[in-house]
Trainee: 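I'd like to ask some things about the structure below.
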Amino acid sequence: MFTKKSIFTFLRAQVAAFLGGITDYGLMILLTEVFKLHFTFSILISGTVGAIINFSINRFWVFKNQSGYSNHINSQLFKFALVVLGSISLKSFGTLILQKVFQIDYRIGRLITDSFVSYGFNYPLIKYWVFKVNKKQNVIQSN
């Protein structure tokens, strides 16, 4: 069911997500605790910075394909931006709900929300929509 290549792709994507995520989370804490921004605004800013890091790593390392992407980089950036907007919205809303309804500290709530958003929203959309591989060229290359 799972190929060696798909497992390595998933693991590399987790490294990219971790590097973007650690930047995002650290900056969120800095902006909230030191600069006293509300955490929902901190998530917006830090999520944008983390997304830039994540996109770069995904494009040039995780999903790099010799047969070519099915979309040009401008299209990938646009699609990635849509995913990031959805992701940031889900993270902000989820963190706010956990904090307001369940009285969970925003730092813990953010980690809980991130785990669901990363695996259930970000990864599938990034892999199968943003960095979609050109299937026609992939078949030619495997022959």
Side-chain angles (χ1 to χ4, degrees), residues 1-138 141-142:
M1 182 172 161
F2 294 109
T3 65
K4 187 177 177 181
K5 182 181 178 193
S6 69
I7 292 169
F8 283 128
T9 299
F10 178 78
L11 292 175
R12 284 192 307 261
Q14 297 319 301
V15 170
F18 176 76
L19 293 173
I22 199 77
T23 302
D24 179 358
Y25 189 76
L27 188 55
M28 177 198 69
I29 300 289
L30 178 73
L31 293 171
T32 303
E33 299 297 325
V34 176
F35 294 101
K36 304 300 183 198
L37 289 178
H38 190 270
F39 66 83
T40 53
F41 294 115
S42 298
I43 291 171
L44 175 65
I45 296 165
S46 66
T48 302
V49 174
I52 292 166
I53 291 168
N54 191 302
F55 177 84
S56 300
I57 296 170
N58 278 322
R59 175 156 173 85
F60 298 107
W61 183 56
V62 177
F63 297 109
K64 183 179 181 181
N65 189 310
Q66 301 305 318
S67 62
Y69 293 116
S70 61
N71 297 311
H72 188 268
I73 188 170
N74 292 340
S75 176
Q76 289 175 336
L77 280 168
F78 178 74
K79 289 178 178 182
F80 193 82
L82 292 177
V83 172
V84 167
L85 285 173
S87 179
I88 289 172
S89 298
L90 289 170
K91 290 174 184 180
S92 293
F93 185 69
T95 304
L96 184 65
I97 293 297
L98 291 175
Q99 195 263 335
K100 294 290 184 192
V101 175
F102 299 103
Q103 307 300 306
I104 296 173
D105 183 86
Y106 78 94
R107 293 168 288 220
I108 304 299
R110 171 68 191 274
L111 293 173
I112 294 167
T113 304
D114 274 9
S115 62
F116 287 102
V117 172
S118 293
Y119 296 114
F121 183 81
N122 293 355
Y123 181 73
L125 286 174
I126 289 170
K127 178 176 170 63
Y128 298 110
W129 187 51
V130 176
F131 295 110
K132 185 177 175 184
V133 174
N134 196 344
K135 293 286 184 190
K136 206 183 315 180
Q137 289 181 0
N138 205 18
Q141 189 178 45
S142 64

Trainee: Please find the pair of heavy atoms, one from N54 and one from A17, that lie closest to each other, and give the distance.
Mentor: ND2-CA, 3.4 Å
Trainee: Filter on side chain to side chain donor-acceptor pair (under 3.5 Å), then keep only pairs touching residues 36-49, sequence neighbours left out; what's left?
Mentor: D24-S46, T32-S42, H38-T40
Trainee: Test of understanding: with ring-ring contact (aromatic ring centres under 6.0 Å, His included), list the residues that count as partners of F93, not counting sequence neighbours.
Mentor: none
Trainee: Looking at OG of S118 and NZ of K91, how far apart are the two atoms once the value is rounded to the nearest 0.5 Å?
Mentor: 5.0 Å
Trainee: Can you tell me if S115 uses its side chain to pair, donor with acceptor, with the backbone of I112 under 3.5 Å?
Mentor: yes
Trainee: To the nearest 0.5 angstrom, please state how far the CZ atom of R59 sits from the CD atom of Q76.
Mentor: 4.5 Å
Trainee: Looking at residues at least two apart in the chain, or sitting in another chain, which of them share a salt bridge (Lys or Arg N to Asp or Glu O under 4.0 Å) with R107?
Mentor: E33, D105
Trainee: Do you know which of T95, L98, I97 makes side-chain contact (heavy atoms from CB on, under 4.5 Å) with I104?
Mentor: L98
Trainee: When rounded to the nearest 0.5 angstrom, what is the spacing between CD1 in I22 and CG in L27?
Mentor: 12.0 Å
Trainee: Decide if atom CZ of F78 counts as having more than 12 heavy atoms of other residues, nucleotides or ligands within a radius under 6.0 Å.
Mentor: no
Trainee: Taking only residues two or more places apart in sequence, or in another chain, which ones meet T9 in a side-chain contact (heavy atoms from CB on, under 4.5 Å)?
Mentor: K5, R12, V62, F63, Y123, K127
Trainee: What are the two closest non-hydrogen atoms of A16 and I57, and how far apart are they?
Mentor: CB-CG2, 3.4 Å
Trainee: Between CG of N58 and CD1 of I53, what distance do you get to the nearest 0.5 Å?
Mentor: 12.0 Å
Trainee: Looking at residues at least two apart in the chain, or sitting in another chain, which of them share a ring-ring contact (aromatic ring centres under 6.0 Å, His included) with Y106?
Mentor: F39
Trainee: How long is the gap from CZ on F131 to CD1 on I73, to the nearest 0.5 Å?
Mentor: 8.0 Å
Trainee: Report the residues that fulfil side-chain hydrogen bond (donor to acceptor under 3.5 Å, both in side chains) with S87, sequence neighbours left out, ordered by chain and then residue number.
Mentor: N122
Trainee: If I take atom CG from residue L96 and atom CD1 from residue I43, how far apart are they, to the nearest 0.5 angstrom?
Mentor: 8.5 Å
Trainee: Below 4.5 Å, heavy atoms only, C-beta onward: do F55 and V84 meet side chain to side chain?
Mentor: no
Trainee: Only counting residues at least two apart or in another chain, list the ones meeting side-chain contact (heavy atoms from CB on, under 4.5 Å) with L111.
Mentor: Y25
Trainee: Just jot down the ring-ring contact (aromatic ring centres under 6.0 Å, His included) partners of F18, sequence neighbours excluded, or say none.
Mentor: none
